[in-house]
Amino acid sequence: MKLTGFELRRIGLPLAAPFRTSFGTQTHRDILLVRAVTGDAEGWGECVTLPDPLYSEEYVDGAVDVLTRFLIPALAGADDVDGARVATVLAPFKGHRMAKAALEMAVLDAELKELGRPLARELGAVHPRVPCGVSVGIMDSVPQLLDAVGGYLEQGYVRVKLKIEPGWDVAPVRAVRNRFGGEVLLQVDANTAYTLADARHLAQLDAFDLLLIEQPLEEDDILGHAQLARQLSTPVCLDESITSARTAAAAISLGACSVINIKPGRVGGYLEARRIHDLCVAHGVAVWCGGMLETGIGRAANVALAALPGFTLPGDTSASDRYYRTDITSPFVLDDGYLDVPAGAGIGVEPLAEELDATTTWTQWIPL
Ligand SMILES: CC(=O)N[C@@H](Cc1ccc2ccccc2c1)C(=O)O
Ligand SMILES: [Mg+2]
């Protein structure tokens, strides 16, 4: 496969509704897309960075800089790069996993589109569609939360995840349980908002039969999560802490988690995501596919990943309209709580030209 160049393209999309988490409220997305061009095809990657380093240390402007000055030149200097080799070529550069993931995804999509091979099959998907959960933000009041949760359950979502933070945790969870009953699959996500000193407070959540509590402590506090896990009956799931197969192996071995939220952008790409999946299956650790409010580009690849056998819990692979009134691809529409795995070559979708043009805020072509 002969790469001729890459396009970096930023698009601006308003969120259908504000999305509040313990690290802030988002109303708008500034999304970096990567287009890989070869002689015979083009592939797309989506960088899941936020504009500010609030979820992790990466942010959009930083990703643009590291791609432009280091990562794309490294690929230009390597011969015969394909999807499987991108991570090796980029390995000398530390971190910047979301930027690396977007680049690898674009190269992999171009390669598979040239070969006519679907990403799902390439990754080892075994299901034609995946059951979908929904992530519900922190709200101004419990009644507002109950309305939102009721709406998502009516749409067919099979699992509800509630964002929590100190001051918004036990009461909203109890209210959802009281209103919607004990059968609803329910979990919470703290996005690192607590400390080990909150252990006794968080143990109150054990009364609500949650599937898991996601990332209660800081990203680098693996030992803290192991100590907390011993004080809770609710399974601890890690998100921000799991940055590679190596950190997943360490977290599992140290008893820091019994469930893992796999996000390809956070771990450096879909191939590393598959390695984490395989590791977790070997250890009997359940995994599910997390979300970073991706457009249909990232959503398509996430749904393919979520169809692998070890993804036994519903993920945050929600429909396009969970976040966007208009997606930049044909929208992913929930059908009886499921999303279909794209069957086309590569990620199986392409951006809609008119949507792309309407939302583009900046673009740069980088020839190899
Ligand atoms: C679906 C979900 O909860 N995702 C992340 C948090 C998150 C929240 C807000 C975001 C805003 C812009 C881009 C990515 C974002 C990710 C999580 O699981 O922790
Ligand atoms: Mg999370």
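Just so you know, ligand 1 is whichever comes first in the structure, and atom 1 is the first atom listed for that ligand.
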| said: Test side-chain contact (heavy atoms from CB on, under 4.5 Å) on Trp168 and Met139; report intermediate values, then the result. | reply: CA-CA 9 Å; Trp168 179 270; Met139 303 265 173; 4.1 Å; yes
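Side-chain contact check for Thr329 and Glu350: no donor-acceptor pair (N or O, by modelled atom type) lies under 3.5 Å. A donor and an acceptor atom, one from each side chain of Ser135 and Asp316, are nowhere located under 3.5 Å apart. In this model, no donor atom of one side chain and acceptor atom of the other lie less than 3.5 Å apart for Ser56 and Glu240. Tyr55 and Asp239 share a side-chain donor-acceptor pair at under 3.5 Å. No hydrogens or angles considered: nothing links the side chains of Gln215 and Asp189 as a donor-acceptor pair under 3.5 Å. For Thr360 and Arg9, the side-chain atoms include at least one donor-acceptor pair closer than 3.5 Å.
No side-chain heavy atom of Val188 sits less than 4.5 Å from a side-chain heavy atom of Thr234. Looking at Leu185 and Leu313, their side chains never come closer than 4.5 Å, going by heavy atoms from C-beta outward.
Taking backbone and side-chain atoms together, Asp189 has an N/O/S atom less than 2.8 Å away from the Mg ion (ligand 2). Contact annotation: Glu214 places an N, O or S atom under 2.8 Å from the Mg ion (ligand 2).
Counting heavy atoms only, Leu293 comes closest to atom 15 (C) of ligand 1 of the residues Leu54, Thr49, Leu293.
The name of the N, O or S atom in Asp239 nearest to the Mg ion (ligand 2) is OD2.
Atoms of ligand 1 found under 4.0 Å from any heavy atom of Glu214 (numbered from 1 in listed order, with element): 18 (O). Close approach to Tyr323 involves these atoms of ligand 1, each under 4.0 Å from a residue heavy atom: 1 (C). Close approach to Gly291 involves these atoms of ligand 1, each under 4.0 Å from a residue heavy atom: 1 (C), 2 (C), 4 (N), 5 (C). Taking a cut-off of under 4.0 Å to the non-hydrogen atoms of Lys163, the atoms of ligand 1 that pass are 2 (C), 3 (O), 5 (C), 6 (C), 17 (C), 18 (O), 19 (O). For ligand 1, the atoms sitting less than 4.0 Å from at least one non-hydrogen atom of Phe23 are 7 (C), 8 (C), 9 (C), numbered in the order shown with element in parentheses. The atoms of ligand 1 that sit less than 4.0 Å from any heavy atom of Asp189 are 17 (C), 18 (O), 19 (O). Atoms of ligand 1 lying under 4.0 Å from any heavy atom of Met292, numbered from 1 in the order shown and given with element: 13 (C), 14 (C), 16 (C). Interface of Asp239 with ligand 1, defined as ligand atoms under 4.0 Å from a residue heavy atom, comprises 17 (C), 18 (O), 19 (O).
Residue contacts with ligand 1, taken as heavy atom pairs separated by less than 4.0 Å, do not involve Gln215 at all.
Val281 and Ile276 end up in different hydrophobic clusters when Ile, Leu, Val, Met, Phe, Trp and Tyr side chains are linked at under 4.5 Å.
At the shortest separation from atom 19 (O) of ligand 1 among protein heavy atoms lies Asn191 ND2, 2.7 Å. Ranking protein heavy atoms by distance to atom 8 (C) of ligand 1, first place goes to Phe19 CE2, 3.4 Å. In this structure, atom 18 (O) of ligand 1 lies nearest to the protein heavy atom Lys161 NZ, 2.8 Å. With respect to atom 11 (C) of ligand 1, the closest heavy atom belonging to the protein is Gln26 CG, 3.4 Å.
Here's the thing with Lys263: one of its N/O atoms is less than 3.5 angstrom from an N/O atom of ligand 1.
For the pairing with Glu7, the side chain to side chain contact (heavy atoms under 4.5 Å, CB included) check across Thr363, Leu33, Val34, Ile366 returns one residue only, Thr363.
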